Chemist: 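Okay, handing you the structure first.
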Amino acid sequence: MSDFPLDLPSNWHHSHLAQTDSTMLRLRDETYAHCKEEFTLLTADYQTAGRGQRGTSWEADAGLNLLFGFLFHPTEVQANHQFYLSEALALAVCEALSSYADGFSVKWPNDIYWHDRKICGMLLEHDLQGSYIATTLTGVGLNVNQSHFLSDAPNPVSLRQILGHEVEREALLARLLQAFERYYRQLQHGNSALLHAAYMRHLYRREGMHPYEDAEGPFNARILDISSIGMLTLQRENATQRTYAFKEVRFVNPPMEEYSI
């Protein structure tokens, strides 16, 4: 293990690895199964098998970005309300980044964008017990100090590219986790409506008509709502409505020029 100092509350257990395959995979190890703290956080300088949504890869140079996951046991969160946990994490990332610059939003379901560029991706996996969530695992990749990207990802950006200088990763992560815990307590206290309203306010392309594409082809639509299980409802220009699961519809983005410093 290498050093990655974080000033966290006593209810967080933190471990750091110089390299791992995936923080989400490692958190399923027996090593982390019996931590007494409420949250078990694992950070890494580099991942050899970092994942995006549904098997896509995540490009991140060693020691430049935030690659982390954490495990916790949600209190009385029903399985059909699991998307509220995604909302809490997405809002936390967006809030932490917004302390550095403007222009961040949450692209459904839980990517973080700066204008039309992707700065963060995340995954959440839930183990169920009956109709409730027993364990939640998160995995987050956040572009912090990377100056250029070599993969064929269409629109990546880093905080360094936005600001023109490097950022202390530890300070950013501490802000992010503090924000997540605040949103999570809001959910625990029965304020899911407030959480959801905040998520909707921060949505990418929240206002107006925008281009999308589904199995039937391209169309323009506006976002109406997102359900507690993460289904997206769009209203087309002809006023018809349709609800989509993730990967059933695609945001059509404008072409991007190379962005590096």
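The structure displayed is predicted, hence computed values, not measured ones.
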Chemist: When you group the ILVMFWY residues by side-chain heavy-atom contacts below 4.5 Å and let the links chain together, are Met231 and Trp108 in the same group?
Modeler: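 Cluster IDs for Trp108 and Met231 differ.
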
Chemist: Hey, mind stepping through Tyr204 and Asp111 against side chain to side chain donor-acceptor pair (under 3.5 Å) and telling me if it holds?
Modeler: CA-CA 9 Å; Tyr204 175 72; Asp111 286 338; over 6 Å; no

Chemist: Run the side-chain contact (heavy atoms from CB on, under 4.5 Å) test on Leu187 and Leu85 for me, step by step, so that the C-alpha distance in whole Å, both residues' side-chain angles and the decisive distance to 0.1 Å come before the verdict.
Modeler: CA-CA 8 Å; Leu187 179 59; Leu85 294 169; 3.7 Å; yes

Chemist: Of all the heavy-atom pairs spanning Gln47 and Thr23, show the shortest one and how long it is.
Modeler: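 Answer, listing the atom of Gln47 first, then Thr23: OE1-N, 2.9 Å.
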
Chemist: Please name the pair of heavy atoms, one in Pro74 and one in Val77, separated by the smallest distance, quoted to 0.1 Å.
Modeler: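 Closest approach of Pro74 to Val77, heavy atoms only: CB-CG2, 3.7 Å.
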
Chemist: Could you tell me the separation between the CG atom of Leu27 and the CG atom of Leu42, rounded to the nearest 0.5 Å?
Modeler: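 Between atom CG of Leu27 and atom CG of Leu42 there are 5.0 Å.
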
Chemist: Salt bridge check: are Arg250 and Asp214 linked by an N-O gap of less than 4.0 Å?
Modeler: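 No, no charged N to carboxylate O under 4.0 Å.
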
Chemist: Check whether any side-chain heavy atom of Tyr132 lies under 4.5 Å from a side-chain heavy atom of Gln78, and answer yes or no.
Modeler: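 Counting from C-beta outward, Tyr132 and Gln78 do come under 4.5 Å.
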
Chemist: Using modelled atom types and a 3.5 Å cut-off, is there a donor and acceptor pairing between side-chain atoms of Asn155 and backbone atoms of Asp116?
Modeler: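 Yes.
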
Chemist: Of all heavy-atom pairs between Ile133 and Ala79, which one has the smallest distance, and what is that distance?
Modeler: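 Smallest heavy-atom distance, with atoms named: CG1-CA, 4.0 Å.
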
Chemist: Between Lys118 and Tyr113, does any side-chain donor sit less than 3.5 Å from a side-chain acceptor?
Modeler: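 Side-chain D/A pair, Lys118 to Tyr113: absent.
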
Chemist: Do Leu97 and Leu159 have side-chain heavy atoms sitting under 4.5 Å apart?
Modeler: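 They are in side-chain contact.
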
Chemist: If the threshold is 4.0 Å, N to carboxylate O, is there a salt bridge linking Arg222 and Glu237?
Modeler: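 No, no charged N to carboxylate O under 4.0 Å.
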
Chemist: Side-chain heavy atoms under 4.5 angstrom apart, residues restricted to Ile, Leu, Val, Met, Phe, Trp, Tyr: same cluster for Phe219 and Met209?
Modeler: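 As far as the 4.5 Å side-chain criterion goes, Met209 and Phe219 are not connected within one cluster.
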
Chemist: Would you compute the distance between atom CE of Met24 and atom CD of Glu125 and round it to the nearest 0.5 angstrom?
Modeler: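 That separation rounds to 3.5 Å.
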
Chemist: Under a 3.5 Å distance rule, please check whether Gln146 uses its side chain to pair with a backbone N or O of His148 as donor and acceptor.
Modeler: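 It does hold such a pair.
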
Chemist: Are Asp7 and Arg175 ion-paired here, with the side-chain N under 4.0 Å from a carboxylate O?
Modeler: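 Salt bridge flag = no for Arg175 with Asp7.
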
Chemist: Please tell me if the side chains of Leu64 and Val144 come closer than 4.5 Å, counting only heavy atoms from C-beta onward.
Modeler: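 The answer is no, as the side chains (C-beta and beyond) never meet within the 4.5 Å cut-off.
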
Chemist: Any donor-acceptor pair under 3.5 Å linking the side-chain atoms of Trp114 with those of Gln161?
Modeler: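 No - no donor-acceptor pair under 3.5 Å links their side chains.
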
Chemist: At their closest point, which heavy atom of Leu91 faces which heavy atom of Ala198, and how far apart are they?
Modeler: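 For Leu91 and Ala198, the tightest heavy-atom pair comes out as CD2-O, 3.7 Å.
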
Chemist: To check you understand the geometry: which heavy-atom pair defines the closest contact between Ile162 and Ala101, and what is its length?
Modeler: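 In this case the closest contact between Ile162 and Ala101 is CG2-CB, 4.1 Å.
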
Chemist: List the steps, then state whether side-chain contact (heavy atoms from CB on, under 4.5 Å) holds for His81 with Ser228.
Modeler: CA-CA 5 Å; His81 289 170; Ser228 62; 3.7 Å; yes

Chemist: Go through Met122 and Leu89 one step at a time and tell me if the side-chain contact (heavy atoms from CB on, under 4.5 Å) criterion holds.
Modeler: CA-CA 9 Å; Met122 64 191 77; Leu89 184 55; 3.6 Å; yes

Chemist: Would you check if Cys120 and Asn143 make a side-chain contact, meaning some heavy-atom pair closer than 4.5 Å?
Modeler: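 No - every pair of side-chain heavy atoms lies 4.5 Å or more apart.
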
Chemist: Are Arg160 and Val167 side-chain neighbours, meaning at least one heavy-atom pair lies under 4.5 Å?
Modeler: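 Counting from C-beta outward, Arg160 and Val167 never come under 4.5 Å.
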
Chemist: Could you tell me which non-hydrogen atom of Arg206 sits nearest to which non-hydrogen atom of Ile223, and how far apart they are?
Modeler: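 The pair with the smallest heavy-atom distance is NH1-O, 3.0 Å.
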
Chemist: Determine whether the aromatic ring centres of Phe246 and Phe83 lie less than 6.0 Å apart.
Modeler: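 For Phe246 and Phe83, the ring centres are not under 6.0 Å apart.
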
Chemist: Under 6.0 Å between ring centres: does that hold for Phe180 and Phe70?
Modeler: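 Here the rings of Phe70 and Phe180 have centres that are less than 6.0 Å from each other.
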
Chemist: Do Phe72 and Tyr184 have their ring centres less than 6.0 Å from each other?
Modeler: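 Between Phe72 and Tyr184, the centre distance is under 6.0 Å.
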
Chemist: Please examine the side chains of Glu87 and His196, heavy atoms only from C-beta on, and report whether any two atoms are closer than 4.5 Å.
Modeler: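 Contact flag for His196/Glu87 side chains = yes.
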
Chemist: Do Phe149 and Tyr46 share a hydrophobic cluster (ILVMFWY, side-chain heavy atoms under 4.5 Å, transitive)?
Modeler: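 Different clusters: Phe149 never reaches Tyr46 through Ile, Leu, Val, Met, Phe, Trp or Tyr contacts under 4.5 Å.
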
Chemist: Is it true that Arg28 and Asp127 make a salt bridge, defined as a side-chain N closer than 4.0 Å to a carboxylate O?
Modeler: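 Yes, charged N to carboxylate O under 4.0 Å.
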
Chemist: Counting only N and O atoms by type, is there a donor-acceptor contact under 3.5 Å from the side chain of Ser98 to the main-chain atoms of Asp102?
Modeler: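 Side chain of Ser98 to backbone of Asp102, a donor-acceptor pair under 3.5 Å: no, none is there.
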
Chemist: Test side-chain contact (heavy atoms from CB on, under 4.5 Å) on Leu17 and Asp45; report intermediate values, then the result.
Modeler: CA-CA 7 Å; Leu17 300 173; Asp45 287 327; over 6 Å; no

Chemist: Would a distance-only check, ignoring hydrogens and angles, find a side-chain to backbone donor-acceptor pair under 3.5 Å from Asp29 to Thr31?
Modeler: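 Judged by distance alone, no pair lies under 3.5 Å.
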
Chemist: Below 4.5 Å, heavy atoms only, C-beta onward: do Leu142 and Asn65 meet side chain to side chain?
Modeler: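 A side-chain contact under 4.5 Å is absent here.
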
Chemist: Is there a path of hydrophobic side-chain contacts, each under 4.5 Å between heavy atoms of I/L/V/M/F/W/Y residues, joining Leu66 to Leu163?
Modeler: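 Same cluster: Leu163 reaches Leu66 through Ile, Leu, Val, Met, Phe, Trp or Tyr contacts under 4.5 Å.
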
Chemist: Supply the atom-to-atom distance Phe39 CZ to His73 NE2, rounded to the nearest 0.5 angstrom.
Modeler: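 So the gap between those two atoms works out to 10.5 Å.
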
Chemist: Rounded to the nearest 0.5 Å, how far apart are OG1 of Thr43 and CG of Leu41?
Modeler: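 Rounded to the nearest 0.5 Å, the OG1-CG separation comes out at 5.5 Å.
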
Chemist: Applying a strict under-4.5 Å side-chain criterion to I, L, V, M, F, W and Y, I'd like to know whether Met200 and Tyr212 cluster together.
Modeler: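 Met200 and Tyr212: one cluster.
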
Chemist: Run the numbers on Thr75 and Gln188 for side chain to side chain donor-acceptor pair (under 3.5 Å), then give the verdict.
Modeler: CA-CA 7 Å; Thr75 303; Gln188 282 186 311; 3.2 Å; yes

Chemist: Regarding Thr136 and His126, do their side chains bring together a donor and an acceptor under 3.5 Å, going by distance alone?
Modeler: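 Side-chain D/A pair, Thr136 to His126: present.
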
Chemist: Rounded to the nearest 0.5 Å, how far apart are CD of Glu38 and NE2 of His13?
Modeler: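 Answer rounded to 0.5 Å: 14.5 Å.
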
Chemist: Nearest 0.5 Å, please: how far is CZ in Arg205 from CG in Leu234?
Modeler: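 It comes to 11.0 Å.
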
Chemist: Counting C-beta onward and ignoring hydrogens, is there a side-chain heavy-atom pair between Glu213 and Val249 closer than 4.5 Å?
Modeler: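 Not touching, per the 4.5 Å side-chain cut-off.
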
Chemist: Salt-bridge test for Arg242 and Glu248: reply yes if a basic N is under 4.0 Å from a carboxylate O, no otherwise.
Modeler: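 The answer is no: the pair does not qualify as a salt bridge.
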
